[in-house]
**Q** 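First, the structure itself, so that you have it in front of you.
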Amino acid sequence: MFLGHFGLALGAKRATPHVSLGVLFMAAQFADLLWPTLVLLGIERVEVAVGATVVTPLDFVSYPYSHSLLALVAWGLLFGVIYRVVVRSPGAAGIVLGLLVVSHWVLDVITHRPDMPLTPGGSTRLGFGLWNSMPGTLVAEFLIFFGGLVLYRRVTVARDRVGSIGFWLLVAFLLVIYAAAVLGPAPPDGRTVAWSDEAMWLLVVWGFWVDRHRAGAPR
Ligand SMILES: [Zn+2]
């Protein structure tokens, strides 16, 4: 899943209005931000297998530390605690962020083939394979993405042009890279996938930037 993760992050703004969209992106996409670096270090493995699913040609051979349930629960705890300590944020923000980290696993299990590990060392792998259906995948991705978008727009207002134009450019950019990933040619190999995935950090920075130019909407 791709857009859905960003949708959950956008929607989470409603529960935690004081948390920057950049932090929400980082939590919801923590698994996919960690993953390319682990692949490039040779710790996790992905291969390109054209026809693996209708939507993506990626074969996720092994990703126990970025994509197993147990690892993501641990990363979620760590993420929530570090946020609480660093930002000294009272209330539920740390919990929401921890849940967002774990939500990545849930959304990926829905779309992936049975390749999502439960524990780093175990052999149990889950996946409902929504990626075998292009219409099913698109409906799920767009429903969550646009649902989150509506929520985010309801609880924030642009303070200036960066807050409005910058925000819509971010939305457009997400849609364009998703379209390119789904409709474009298969990448040559796993390393290329990992290198281009590192660009995800740009979206985190973009989230921080835009969010600073938006304020809480008057109730
Ligand atoms: Zn993922």
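Numbers here are sequence positions counted from 1. Start at 1 and go down the list; that is how both ligands and their atoms are numbered.
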**Q** Look only at the side chain of Gln29 and the backbone of Phe6, and say whether a donor-acceptor pair between them is shorter than 3.5 Å.
**A** no
**Q** Which heavy atom in Leu107 sits nearest to a heavy atom in Ile144, and how many Å separate them?
**A**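 Where Leu107 meets Ile144 most closely, the heavy atoms are CD2-CD1, 4.0 Å.
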**Q** Of all the N, O or S atoms in Asp108, which has the shortest distance to the Zn ion (ligand 1)?
**A**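 The closest N, O or S atom of Asp108 to the Zn ion (ligand 1) is OD2.
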**Q** Need one value: angle at the Zn ion (ligand 1), Asp32 atom OD1 versus His104 atom NE2, rounded to 10 degrees.
**A**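 An angle of 90° at the metal.
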**Q** Could you tell me which non-hydrogen atom of Gly163 sits nearest to which non-hydrogen atom of Ala158, and how far apart they are?
**A**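 Result for this residue pair: C-CB, 3.5 Å.
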**Q** What atom name does the N, O or S atom of His67 nearest to the Zn ion (ligand 1) carry?
**A**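 Sorting the N, O and S atoms of His67 by distance to the Zn ion (ligand 1) puts NE2 first.
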**Q** Do Phe167 and Tyr152 have ring centres separated by under 6.0 Å?
**A**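 Yes: the rings meet the under 6.0 Å criterion.
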**Q** Counting backbone and side-chain atoms alike, is an N, O or S atom of His5 positioned under 2.8 Å from the Zn ion (ligand 1)?
**A** no
